[in-house]
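Have a look at the structure below, then the notes.
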Amino acid sequence: MQKPSIPKGTRDFTPREMANRNYIFNTIKEVFCLYGFQQIETPAMENLSTLMGKYGEEGDKLLFKILNSGDYLSGLSDEELQGRNSAKLTSKFSEKGLRYDLTVPFARFVVQHQNEITFPFKRYQIQPVWRADRPQKGRYREFYQCDVDVVGSDSLLNELELIQIVDEVYRRLKINVCLKINNRKILSGIAEIIGESEKITDITVAIDKMDKIGLEKVNEEIASKGISADAIAKLQPILLLSGTNLEKLQQLKVVLAASEVGMKGIAEMETIFGLCDAMKVKTQIELDLTLARGLNYYTGAIFEVKALDVEIGSITGGGRYDNLTGVFGLQGVSGVGISFGADRIYDVLNQLNLYPETSVEQTKILFVSFGEQELLYCLPWLTALRAKGINAEIYPEPTKMKKQMGYADNKRIPFVAIVGETEMNEGKVMLKNMVSGEQVLSTLEDLIEQLG
RNA sequence: GUGGUUGUAGCUCAGUUGGUUAGAGCGUCGGUUUGUGGUACCGAAAGUCGCGGGUUCGAGCCCCGUCUCCCACCCCA
């Protein structure tokens with residue numbers, strides 16, 4: 001028989017790995033809750049009409065599409081099949097797809113539930129998303145995103161709080177990070193000043209590659225998109241900005257003086273930097289004009305977080321979108337949000353081995369016994385310990401000690417309660433510390449005190 | 001979507017110019033030990049050598065195809 005396997009780009013997680021992953025999810029959740037965000041969930045699959053066209057041309061190709069139930073070819077004529085036009089045929093036999101991110105389904109959710117929602121609406125969502133990408137380092141076809149968004153508020157305090165959340169989450173996870181920040185309005189201003197407003201997407205995609213391919217290649221790429229030499233010349237001082245964040249903004253003010261939208265972006269950034277400063281945000285924050293982010297729905301601040309000690313893509317990203325719900329028919333709702341890439345954070349933590357010694361989920365005590373009588377004797381003890389919130393289990397068969405102790409050892413259970421005739425006669429158990437090897441004849445109260 | 005790379009036991013890997021019955025370590029299970037795990041010693045189970053075809057008296061090894069893993073590009077978390 002063929003060995004069973006799982007699809008490309010997906011992973012299984014063992015109990016030990018899940019304990020580590022839950023540590024990440026729990027940490028992120030706790031911080032989200034501290035800031036008043038509430039959890040929602042949406043279905044794994046959405047109608048393709050909801051998903052298509054929201055992620056650009058590339059994004060549409062990366063959507064996993066779900067075949068219609070039943071005879072999905074029944075509605076198709078032979079001519080249509082002969083035409084072999086995949087794009088056209090797909091819409092005929094697939095009307096659902098797996099979600100590509102959490103933001104677009106969230107926008108759909110907001111529009112659909114607009115009359116039940118009190119604005120500003122602060123929600124968080126931790127669920128897997130799927131992309132038909134080719135897997136490689138730090139890239140999976142199924143991965144978890146942890147999204148926090150606020151919709152229905154234009155205030156830049158929301159941007160501040162998201163930055164504080166990033167600050168707090170990575171402080172708790174002990175990952176050193178750099179928060180890169182930019183503003184779509186500044187990018188628009190730049191396009192306006194050099195007279196290529198309609199080419200803004202091409203320009204941002206190109207300058208996003210500054211780090212990777214360097215100034216010269218970026219200029220080549222911009223030129224190849226049909227942008228004039230004159231405009232490229234005007235772009236140069238902007239690509240070469242230097243100094244502190246505020247110094248960069250001062251230089252930009254000179255260049256962008258004639259652009260209303262550009263100046264607005266600069267003002268926003270000044271406010272955000274000022275707030276971060278006042279609130280003593282510790283994470284290193286860097287204004288990075290090469291940060292563009294491919295998603296075209298952003299309209300204001302853009303964020304991206306990179307781990308400093310591990311070579312991996314960005315581990316968190318997000319930004320302000322003024323009209324995400326507009327495509328679903330609800331105008332004038334502004335939102336801002338970020339997404340923590342749980343699977344990349346997991347990879348970072350694995351590489352740096354930053355997990356806490358003990359997991360809250362782990363069993364604290366295992367009861368082992370020598371016979372059927374002893375098994376029954378243990379049951380009330382287990383109930384009592386569990387009532388106190390202590391994770392306790394019993395080895396369900398009175399087999400050899402070696403086997404039972406080995407079980408405790410393998411599960412890294414720190415305490416074992418050994419029960420035989422002697423202990424039963426005294427109404428106690430032999431409590432063994434698996435690390436030190438010490439053992440003490442103990443009462444129930446002793447156990448609760450030791451483990452509680 | 002483009003290019004490169006990998007595939008032998010549950011895991012990590014050996015395997016001679018093509019030659020009998022494909023090996024090791026770790027892990028698993030059992031025993032040494034019927035009141036004690038993590039150490040030690042002994043033993044066992046476990047492989048269609050990714051899959052399909054070809055060359056050959058003979059293929060884990062050579063050839064073709066295919067799938068897969070990983071990596072880079074594109075794009076992204």
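All figures in this text were calculated on a predicted structure; none of them were measured in a lab. The chains referred to below are lettered A, B, ... by the order of the sequence lines, with proteins before strands, and numbering in each begins at 1.
Put simply, the side chain of R139(A) and the base of C71(B) share no donor and acceptor less than 3.5 Å apart. Donor-acceptor pairing under 3.5 Å, judged by distance alone, is absent between the side chain of Q404(A) and the base of G35(B). Not a single donor-acceptor contact under 3.5 angstrom links the side-chain atoms of R131(A) to the base of C75(B). Scanning atom types as modelled, one donor and one acceptor separated by under 3.5 angstrom connect the side chain of Q439(A) and the base of U36(B).
Summarising the geometry, the separation between NZ on K432(A) and P on G38(B) is reported as 10 Å, rounded to the nearest angstrom. As a whole-Å value, the separation of L366(A) CG from G37(B) P is 14 Å. Atom pair Q125(A):CD and A77(B):P shows a separation of 15 Å (rounding to whole Å applied). The interatomic distance linking L63(A) (CG) with C75(B) (P) rounds to 17 Å, in whole Å. Between E311(A) atom CD and C71(B) atom P the separation is 13 Å, expressed in whole Å. Per the geometry, CE belonging to M405(A) stands 9 Å off C1' belonging to G38(B), to the nearest Å. The CG atom of L102(A) sits 11 Å away from the P atom of A77(B) (whole-angstrom rounding). As rounded to whole Å, 11 Å separates atom P of C67(B) from atom CZ of R134(A).
No engagement by Y407(A) is indicated, since no non-hydrogen atom pair under 4.0 Å with the nucleic acid exists. No contact: E142(A) has no heavy atom under 4.0 Å from any strand. At a threshold of 4.0 angstrom between heavy atoms, the contacts of I418(A) include nucleobase atoms, whether or not backbone atoms are also involved. Within 4.0 Å of G313(A), counting heavy atoms only, lies no atom of the nucleic acid at all. Across all strands shown, V435(A) has heavy atoms under 4.0 Å from base atoms, whether or not it also approaches the sugar-phosphate.
The main-chain N or O of E95(A) is found under 3.5 Å from a side-chain atom of N68(A) such that the two form a donor-acceptor pair.
Using the Watson-Crick or G-U wobble rule with both distances under 3.5 Å, C74(B) pairs with nothing in any strand shown. Pairing for C57(B) is with G19(B), a Watson-Crick or G-U wobble pair whose two hydrogen-bonding atom distances lie under 3.5 Å. Of all nucleotides present, none satisfies the Watson-Crick or G-U wobble test against G35(B) with each distance under 3.5 Å. For U28(B), the paired nucleotide is A44(B), the pair qualifying as Watson-Crick or G-U wobble because both relevant distances are below 3.5 Å.
Comparing U36(B), G37(B), C75(B) by their closest approach to the side chain of D409(A) singles out G37(B). Distances were taken from every side-chain heavy atom of K8(A) (C-beta onward) to each of G1(B), U68(B), U36(B); the shortest belongs to U68(B). With distances taken from any side-chain atom of M401(A) to the nucleotides G35(B), C75(B), G31(B), the minimum falls on G35(B). Closest approach to the K403(A) side chain among A72(B), C75(B), G30(B) is made by G30(B) (side chain taken as heavy atoms from C-beta onward).
Nearer to the 5' terminus of RNA chain B, by closest-nucleotide assignment, is the contact made by P135(A) (compared with the other of F340(A) and P135(A)). RNA chain B is contacted by both G420(A) and G138(A); G420(A) maps to the nucleotide lying nearer its 5′ end (nearest heavy atom per residue).
R141(A) has no carboxylate O lying under 4.0 Å from a charged side-chain N of D133(A), or vice versa, which leaves the two without a salt bridge. Between R11(A) and D347(A) there is a salt bridge, since a side-chain N of the basic residue sits under 4.0 Å from a carboxylate O of the acidic one. Classification of E46(A) and R108(A) as a salt-bridged pair holds, one side-chain N sitting under 4.0 Å from a carboxylate O.
Ring-centre distance between Y124(A) and Y35(A): not below the 6.0 Å cut-off. Under the 6.0 Å cut-off for aromatic ring centres, Y144(A) and F25(A) qualify, their centroids lying closer than that.
Residue F143(A) and nucleotide A77(B) are classified as a stacked aromatic pair, their ring centres being separated by less than 5.5 Å at an interplanar angle below 30°.
Rounded to a whole angstrom, the distance from the C1' atom of C69(B) to that of G50(B) is 10 Å. Comparing C73(B) with U66(B), their P atoms sit 26 Å apart, to the nearest whole Å. Taking atom P on both U32(B) and G25(B), the two are 23 Å apart, rounded to the nearest angstrom. Separation of the C1' atoms belonging to G31(B) and G65(B) is 50 Å when rounded to the nearest angstrom. For the P atoms, the distance linking C74(B) with U2(B) amounts to 16 Å, nearest Å. Here, U55(B) and U17(B) have their P atoms 25 Å apart, quoted to the whole Å. The separation of C26(B) from A9(B), taken at their C1' atoms, amounts to 12 Å, rounded to a whole angstrom. Taking atom C1' in both C51(B) and G60(B), the straight-line distance is 14 Å, to the nearest Å.
Close to C71(B), at under 4.0 Å from its OP1 or OP2, lies no side-chain N or O of Q136(A).
In this structure, NZ in K180(A) is found 6.0 Å from NZ in K306(A), a value given to the nearest 0.5 Å.
In the model, D446(A) has a side-chain atom that pairs as donor or acceptor with a side-chain atom of T443(A) under 3.5 Å. A donor-acceptor contact under 3.5 angstrom links the side chains of D101(A) and Y55(A), judged on distance only.
Between Y170(A) and the choices T316(A), N176(A), T283(A), the side chain to side chain donor-acceptor pair (under 3.5 Å) rule is met once, by T316(A).
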Exercise for the section: Using a 4.0 Å cut-off on protein heavy atoms (strictly under), produce a 5'-to-3' string for nucleotides 39-46 of chain B with B for base contact, S for backbone-only sugar-phosphate contact, and - for none. Expected result: --------
